[in-house]
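Here's the structure we're looking at; comments come further down.
Positions are given from 1, in the same order as the sequence printed here. Computed from a predicted model, the values in this text were never measured in an experiment.
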Amino acid sequence: MSPVTAAERPWLRFYGDVPETLEYPEVTLYEALMTSVRRTPDAVAYDFFGTTATYRELGEEVDRLADALASLGLGAGDRMTISMPTCPQGVIAFYAAIKLGAVASMIHPLSTPGEIEGFLNRSGSRVALGLDAFYRSFGDIEGQTPLEALILTRIGDYLSPVKRAGFWLKKGRKIEKVPPDPRVRWWSDLMKESHPSAPAAQAGVHEPAAILYSGGTTGTPKGILLSHWNFVTEGLQVRAWIGLGPQDTILAALPIFHGFGLAALVNAGLLSGCRLLLVPTFTPETTAELMRTKRPTLIAGVPTLYEALVRDPALRKADLSSLRAAFSGADSL
């Protein structure tokens with residue numbers, strides 16, 4: 001086959017220092033994450049309102065949860081529904097399920113009981129993770145899905161004592177108490193308990209890793225099945241395009257139940273050794289504060305996020321000199 005000429009690929013002249021092609025390792029998504037853990041063990045992997053974990057600690061958290069999930073019967077080929085905002089628990093659960101060869105079904109935490117019933121039945125999930133504040137959405141459909149174990153966590157589980165008290169006073173005390181339910185297991189207990197060590201599944205790189213769902217604008221949301229290869233290759237492509245590395249801090253304010261937030265921010269960032277600022281709920285005030293205090297180098301969002309930021313007076317006081325790039329997607333900016 002004759003080599004491709006510049007005339008056949010005129011777009012290459014815009015690539016600059018970006019390589020025309022990449023070599024992709026034949027590894028699972030869990031193995032790709034653990035490569036980062038071994039490469040930069042002492043670098044900060046995530047920062048959740050001041051609660052941080054190094055890459056070594058993140059790897060340990062993923063392995064600890066995988067052991068707990070295996071003890072609940074989750075294994076290769078199973079589905080686990082993750083109904084979480086962008087927070088440590090959601091990220092840890094995503095990689096822990098994948099380590100076991102399970103498929104992570106990522107759904108909006110504000111989904112209605114009827115929507116959750118559909119997601120659970122279509123994915124066949126026997127295990128799910130959600131916030132205590134939204135227990136009722138699962139409780140109202142008890143017996144109507146394959147769900148056997150519902151892991152509940154609190155936002156405060158990963159906040160400092162001071163911030164946890166502030167959250168409880170502002171929002172936590174208004175959360176309805178979870179009634180007795182034999183399916184419920186608490187995240188905090190599972191992560192403290194001792195479980196047999198679960199080995200990583202010997203999954204093929206083209207086997208499914210996650211299910212993301214369409215917006216449902218033309219009817220019932222459709223599940224999009226993504227493989228380990230999809231996530232690994234996209235992560236490495238984003239790293240090459242942007243020059244991601246341990247020097248970068250990414251403001252991750254997009255949801256992990258969408259591809260933009262999960263793949264382009266969280267996964268690409270972790271495969272590149274970046275520091276992630278995890279933001280569970282976007283508000284202009286919170287984002288402006290993080291930009292002032294945490295000095296991210298990269299931010300990504302949808303146009304409505306930027307519109308809200310530029311309208312907020314708090315941003316006018318922020319020093320944005322740390323930003324080297326801002327990205328937008330999903331709509332015209």
Side-chain angles (χ1 to χ4, degrees), residues 28-37 39-40 43-49 51-55 57-59 61-62 65-66 80 82-99 103-109 129 153 155 158 209-213 224 226-242 244-246 248-282 286-287 290 294 296-302 305 325-330:
T28 66
L29 190 48
Y30 170 76
E31 291 168 334
L33 173 68
M34 297 310 287
T35 297
S36 288
V37 170
R39 186 171 56 233
T40 55
V44 174
Y46 68 75
D47 183 328
F48 185 65
F49 298 115
T51 297
T52 63
T54 64
Y55 273 84
E57 290 167 338
L58 172 61
E61 289 175 321
V62 169
L65 181 62
M80 176 180 177
I82 298 175
S83 178
M84 295 293 295
T86 305
C87 61
Q89 300 97 310
V91 174
I92 293 165
F94 173 70
Y95 290 102
I98 285 171
K99 176 186 179 180
V103 179
S105 177
M106 312 296 288
I107 71 171
H108 198 310
L129 168 67
T153 183
I155 285 293
Y158 280 76
I211 304 171
L212 299 180
Y213 293 88
I224 297 99
L226 298 172
S227 68
H228 294 264
W229 192 247
N230 290 143
F231 281 100
V232 172
T233 56
E234 182 185 25
L236 298 183
Q237 287 164 9
V238 171
R239 182 172 75 181
W241 269 110
I242 303 171
L244 287 179
D248 283 310
T249 297
I250 300 174
L251 183 63
L254 293 176
I256 56 172
F257 49 85
H258 284 167
F260 197 175
L262 179 63
L265 296 186
V266 170
N267 185 61
L270 292 177
L271 296 195
S272 305
C274 301
R275 177 154 119 178
L276 301 178
L277 303 177
L278 300 177
V279 183
T281 304
F282 167 78
T286 298
T287 303
L290 288 171
K294 300 295 183 177
T297 58
L298 299 166
I299 183 173
V302 295
L305 180 147
F327 301 93
S328 179

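With hydrogens and angles ignored, the 3.5 Å screen pairs no side-chain donor or acceptor of Arg239 with any backbone N or O of Gly269. Without hydrogens or angle criteria, His228 side chain to Ala209 main chain gives no donor-acceptor distance under 3.5 Å. Listed for the Thr40 side chain is no donor-acceptor partner under 3.5 Å among the backbone atoms of Ala43. Judged by distance alone, the side chain of Thr52 and the main-chain N or O of Phe48 form no donor-acceptor pair under 3.5 Å. Within the 3.5 Å criterion, the main-chain N or O of Val302 finds no donor-acceptor partner in the side chain of Ser328.
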Handout entry: Stepwise side chain to side chain contact (heavy atoms under 4.5 Å, CB included) check, Phe327 with Ile242
Key = CA-CA 10 Å; Phe327 301 93; Ile242 303 171; 3.8 Å; yes
Problem - From CA spacing to verdict: side chain to side chain contact (heavy atoms under 4.5 Å, CB included), Met84, Ile107 - result: CA-CA 7 Å; Met84 295 293 295; Ile107 71 171; over 6 Å; no
Practice task
Take Tyr30 and Val62, measure what side chain to side chain contact (heavy atoms under 4.5 Å, CB included) needs, and give me the verdict at the end.
Solution key: CA-CA 9 Å; Tyr30 170 76; Val62 169; 4.0 Å; yes
Problem - Verdict with reasoning, Ile250 to Leu276, per side chain to side chain contact (heavy atoms under 4.5 Å, CB included) - result: CA-CA 5 Å; Ile250 300 174; Leu276 301 178; 4.0 Å; yes
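The CD atom of Gln89 lies 9.5 Å from the CG atom of Leu278; values are rounded to the nearest 0.5 Å. Rounding to the nearest 0.5 Å places CE of Met106 at 9.0 Å from CE of Met80. A distance of 11.0 Å separates CZ of Phe257 from CG of Leu262, quoted to the nearest 0.5 Å. Considering CG of Leu33 and CG of Asn267, their distance stands at 8.0 Å, rounded to 0.5 Å. Rounding to the nearest 0.5 Å places OG1 of Thr35 at 7.0 Å from CZ of Arg39. Taking CD1 of Ile299 as the start and OG1 of Thr249 as the end, the distance is 12.5 Å to the nearest 0.5 Å.
Shortest non-hydrogen contact noted between Ala104 and Ile82 is CB-CD1, 4.0 Å. Nearest heavy-atom pair across Tyr46 and Glu61 is OH-OE1, 3.0 Å. Residues Pro109 and Ser83 come closest through the heavy atom pair CA-OG, 3.2 Å. When all heavy atoms of Tyr55 and Cys274 are compared, the closest pair comes out as OH-O, 2.5 Å. The shortest non-hydrogen separation linking Gly235 to Leu271 is CA-CD1, 4.4 Å. Heavy atoms only, all atoms of each residue included: Pro296 and Leu277 are closest at CB-CD1, 4.1 Å.
A heavy-atom distance below 4.5 Å is found between the side chains of Leu226 and Leu212. Residues Leu251 and Leu290 are in side-chain contact: their nearest non-hydrogen atoms beyond the backbone lie under 4.5 Å apart. Annotation: side chain of Val238 is in contact with side chain of Leu244 (closest heavy-atom distance under 4.5 Å). Residues Asp47 and Lys294 form a side-chain contact, since some pair of their non-hydrogen atoms from C-beta on lies under 4.5 Å apart. The shortest distance between side-chain heavy atoms of Ile256 and Pro85 does not fall below 4.5 Å. Taking 4.5 Å as the limit, some side-chain heavy atom of Leu270 sits within range of a side-chain heavy atom of Leu58. Side-chain contact check for Thr286 versus Phe49: some heavy-atom pair is nearer than 4.5 Å. The side-chain heavy atoms of Leu254 and His258, taken from C-beta on, include no pair separated by under 4.5 Å.
No hydrogens or angles considered: a donor-acceptor pair under 3.5 Å links the side chains of Ser105 and Tyr213. Using a 3.5 Å distance cut-off with no hydrogens or angles, the side chains of Asp248 and Thr297 do pair a donor with an acceptor.
If you look at Phe231 and Phe94, their ring centroids are closer than 6.0 Å.
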